[in-house]
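Presented below is the structure to which this report refers.
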Amino acid sequence: MSTPSVLFVCVHNAGRSQMAAAFLTHLAGDRVVVRSAGSAPADTVNPAVVEAMKERGIDISAETPKILTTEAVLASDVVITMGSGDTCPVFPGKRYLDWQLDDPAGQGVDAVRPIRDEIEQRVRDLLAELDIPATT
């Protein structure tokens with residue numbers, strides 16, 4: 001079986017999708033190809049999100065928001081939207097999930113932590129569905 005690929009999409013690619021991509025990369029290593037993008041990317045990743053992830057030992061300070069492209073969707077086996085499903089192109093043969101999560105935009109780190117924790121659990125559940133053991 002080839003390496004599965006997962007694309008996380010949120011509007012600004014500055015919070016939820018960045019956390020999800022970082023957790024999946026951290027927990028799956030090179031056993032999953034991980035992408036993230038936004039339909040209207042921000043200039044930078046939310047600083048409260050960077051701080052919340054640092055608390056988990058994951059440094060995403062060098063990440064930058066990326067624009068959602070048709071090519072990224074076509075190259076992915078699983079596409080997970082987080083509040084931007086209406087702007088994500090849909091193609092046959094792809095698995096689409098929509099994770100309803102609070103938006104951390106404009107929130108402080110205290111508000112980001114529960115969102116981060118929920119994303120981590122959903123990523124762990126996704127790994128179990130893909131039959132890929134988490135490394136930690």
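What you see is a predicted model, and the numbers here were worked out from it, not measured in a lab. Numbering starts at 1 and runs along the sequence shown. Both backbone and side-chain heavy atoms feed into the values below; hydrogens, waters and symmetry mates do not.
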About how many Å separate [atom2] of [Y] and [atom1] of [X], when rounded to the nearest 0.5 Å?
X: H12; Y: T44; atom1: NE2; atom2: OG1; answer: 11.5 Å
X: I60; Y: F23; atom1: CD1; atom2: CZ; answer: 9.0 Å
X: I58; Y: M19; atom1: CD1; atom2: CE; answer: 11.0 Å
X: D59; Y: H26; atom1: CG; atom2: NE2; answer: 12.0 Å
X: D102; Y: E118; atom1: CG; atom2: CD; answer: 7.5 Å
X: R116; Y: R113; atom1: CZ; atom2: CZ; answer: 6.5 Å

Can you give me the closest heavy-atom contact between [X] and [Y], atom names plus distance?
X: A14; Y: V45; result: O-CG1, 3.4 Å
X: G106; Y: N46; result: N-ND2, 4.2 Å
X: C10; Y: S17; result: SG-OG, 2.9 Å
X: S76; Y: V6; result: OG-C, 4.3 Å
X: I119; Y: A20; result: CG2-CA, 3.5 Å

If hydrophobic clusters are built by linking Ile, Leu, Val, Met, Phe, Trp and Tyr wherever their side-chain heavy atoms come under 4.5 Å apart, do [X] and [Y] end up in the same one?
X: V123; Y: L97; value: yes
X: I67; Y: V73; value: no
X: V34; Y: L130; value: yes
X: V78; Y: V32; value: yes

Exercise. Ignoring hydrogens and geometry, is there a side-chain-to-backbone donor-acceptor pair from T135 to L27 under 3.5 Å?
Worked result: yes

For this session: Taking N13 for its side chain and K66 for its backbone only, find out whether a donor-acceptor pair lies under 3.5 Å.
Result: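 Checked: pair present.
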
Side chains of [X] and [Y]: does their closest heavy-atom pair fall under 4.5 Å?
X: R122; Y: L101; result: yes
X: I115; Y: Q107; result: no
X: V79; Y: F91; result: no

For this session: Let me know which of T69, L68, V33 forms a side-chain contact (heavy atoms from CB on, under 4.5 Å) with L7.
Result: L68

For this session: Give a yes or no on this: more than 12 heavy atoms of other residues, nucleotides or ligands lie within 6.0 Å of atom CG of D77.
Result: yes

Exercise. Does any pair with a residue in residues 123-136 pass salt bridge (Lys or Arg N to Asp or Glu O under 4.0 Å), and if so which ones, sequence neighbours excluded?
Worked result: R95-E129, E120-R124

Exercise. Salt bridge (Lys or Arg N to Asp or Glu O under 4.0 Å): which pairs involve residues 13-42, sequence neighbours left out?
Worked result: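 Non-adjacent pairs meeting salt bridge (Lys or Arg N to Asp or Glu O under 4.0 Å): R16-D103.
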
